[in-house]
Structures are given as structure tokens and as C-alpha cells.
S.K.: 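The structure's right below; bear with me while I get my questions together.
Since we're looking at a predicted model, the values are computed, not measured. Note on naming: letters A, B, ... go to the chains in the order of the sequence lines (proteins, then strands), and numbering restarts at 1 for each one.
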Amino acid sequence: AQSVTQPDIHITVSEGASLELRCNYSYGATPYLFWYVQSPGQGLQLLLKYFSGDTLVQGIKGFEAEFKRSQSSFNLRKPSVHWSDAAEYFCAVEGDFGNEKLTFGTGTRLTIIP
Amino acid sequence: DAMVIQNPRYQVTQFGKPVTLSCSQTLNHNVMYWYQQKSSQAPKLLFHYYDKDFNNEADTPDNFQSRRPNTSFCFLDIRSPGLGDAAMYLCATSRIRQGIEAFFGQGTRLTVV
């Protein structure tokens, strides 16, 4: 069965600074990987996804993520954060046929300070 | 246009009184998921359907049941809600391994009184 680990429960970053949120996955085959963002009281919004091809994927709101098979990682990055980026970020992995479920990590809460 | 619709958005039920949450989709996706999300926690998968095949997570309480009468609709039944079942319930749909992401509904916030 697949699993996702987000080692950082809470990260605080200054506005304008760079950001990296970590995600490690466990899955035997090629995973489908996602990053979602959730603002307080809101639903889940997809930031970006990786299925195959270029290991550096671009998403919305200036986010990008890099798939590294050798490290089983799919870290999310942004060169310069904005106060509106404060939210909860979830990494997720989708399994293959026979294990076709979408599993979320525990999330990382991002706080932005002026 | 909303593609995954959950009704109602807010549900208040009495302790022990059965309640049903509904989810409909216009995407013709073959996978439908139900997640429970409590405050400041990650969505927790309760079960999912792959077409008509029902897949229950091992730690989903027996108090939670689901029905999928057709491709478009899926229901979550809580037979005897307890205070601990108060949460946001999220429905999502997907076409597995076809290069698209899961689409989420707005959720139903369940309050148990």
C-alpha cells in the first residue's frame, strides 16, 4: 500500500522568502503525485500534479515541485512567498489498478510573517 | 459549473440519529471517494468505489456505510452518529491512472448535537 510522509508539521517563512515543503512517498511502482492546498474553512485546491515525463512540474500560484525517484520525494517549492500563501498544504499519492486510492500526507501548515 | 456536488453543505444531526450525506458528479469518473476531515487534520479516506467495487479502509468504523446506486451518485450513511463523528466530509471523483487529478466537492460539515 502506498503512503505519504510530510515531515514538517508547521513551517514559518517571511514574506518574500523562498519556500520548500517536503514530501516523501512510499509506493512500489511509478506513483501519481499531487500537491493540494487548503485555506481555513475552504475545500482542497490542486496546486500541481506529476504523472510522468519532466520531473520538474509547474503549478498554479507560482509553485513548482520536483519528482526525485532516487529519494522517493516530491518537494514543493516557491521562490518568493506571499502572505496569501498561508494555508495547509497536503501531498498525496495515487496508487495503481487494484490499489486505486488517493492517500494524503498529514499536511504542513504554512505561516507567513511580514 | 460545479462538477462534484455535495449536499447538504451543512448538516446538524442528533446523537444517534441516522444521517445520509450525498455526492453527485457530472464528470463520469469511475472512482468516487469519501474522506473525513477533522479540524487541522489531513483528509482520512473512509472508503472508495472503483466502478461498482466497494473498498473499505480497514480502520473505517462499521458505523459508516456507503452506497453507489449509479456512476453519478454516492451516499455516505452514518448509522448512529456520535460526537466524535463531527467533521467535514469530502467527496472526490477520479479516473484512475488516466492523468487527471481527483476533483473534490465543497464538503459537508456535520455537527452532532
S.K.: I need the residue from B:Ala102, B:Gly105, B:Ala92 with the largest number of non-hydrogen atom pairs under 4.5 Å to chain A.
M.R.: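 Option with the greatest count: B:Ala102.
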
S.K.: Tell me whether B:Asp59 at atom CG has more than 12 heavy atoms from other residues, nucleotides or ligands lying less than 6.0 Å away.
M.R.: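 Yes, enclosed.
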
S.K.: Following the transitive rule for hydrophobic clusters with a side-chain heavy-atom cut-off under 4.5 Å over Ile, Leu, Val, Met, Phe, Trp and Tyr, establish whether B:Ile5 and B:Leu76 coincide in one cluster.
M.R.: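 B:Ile5 does not cluster with B:Leu76.
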
S.K.: Following the transitive rule for hydrophobic clusters with a side-chain heavy-atom cut-off under 4.5 Å over Ile, Leu, Val, Met, Phe, Trp and Tyr, establish whether B:Phe103 and B:Tyr49 coincide in one cluster.
M.R.: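 Not linked; separate clusters.
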
S.K.: Should the heavy atoms of other residues, nucleotides or ligands under 6.0 Å from CZ of B:Arg68 be counted, would the total exceed 12?
M.R.: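 Yes, enclosed.
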
S.K.: Within residues 104-114 of chain A, which positions have a heavy-atom distance to chain B below 4.5 Å?
M.R.: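 Only A:Phe104, A:Gly105, A:Thr106, A:Arg109 of residues 104-114 of chain A have a heavy atom under 4.5 Å from chain B.
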
S.K.: Pick one of side chain, backbone, both or neither for A:Tyr36, based on which atoms fall under 4.5 Å of a heavy atom in chain B.
M.R.: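 Contact with chain B is through the side chain of A:Tyr36 alone.
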
S.K.: Of all the residues in residues 32-44 of chain B, which have a heavy atom that comes within less than 4.5 Å of a heavy atom in chain A?
M.R.: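 Contacts with chain A: B:Tyr33, B:Tyr35, B:Gln37, B:Ser40, B:Gln41, B:Ala42, B:Pro43.
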
S.K.: Where do B:Leu90 and A:Leu44 come nearest, in terms of heavy atoms and distance?
M.R.: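 Result for this residue pair: CD1-CD1, 3.9 Å.
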
S.K.: How far does CD of B:Glu57 sit from OG1 of A:Thr103, to the nearest 0.5 angstrom?
M.R.: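 It comes to 7.0 Å.
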
S.K.: CD1 of A:Ile60: more than 12 outside heavy atoms within 6.0 angstrom?
M.R.: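 Counting other residues, nucleotides and ligands, CD1 of A:Ile60 exceeds 12 neighbours.
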
S.K.: Kindly compute the distance separating CZ (A:Phe34) from OG (B:Ser94), expressed to the nearest 0.5 Å.
M.R.: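 Interatomic distance, A:Phe34 CZ to B:Ser94 OG, rounded to 0.5 Å: 6.5 Å.
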
S.K.: I'd like to know if B:Leu46 and A:Val93 are part of one continuous hydrophobic network [Ile/Leu/Val/Met/Phe/Trp/Tyr, side-chain heavy atoms within less than 4.5 Å].
M.R.: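 Unlinked, A:Val93 and B:Leu46 end up in two clusters.
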
S.K.: Nearest 0.5 angstrom please: A:Lys101 NZ to B:His48 NE2, how far?
M.R.: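 That separation rounds to 7.5 Å.
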
S.K.: Which region of A:Gln45, side chain (C-beta onward) or backbone (N, CA, C, O), has a non-hydrogen atom less than 4.5 Å from a non-hydrogen atom of chain B, or is it both or neither?
M.R.: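 Looking at A:Gln45, nothing touches chain B.
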
S.K.: With rounding to the nearest 0.5 angstrom, report the CD to CG distance, B:Glu101 to A:Leu33.
M.R.: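 CG of A:Leu33 is found 13.5 Å from CD of B:Glu101.
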
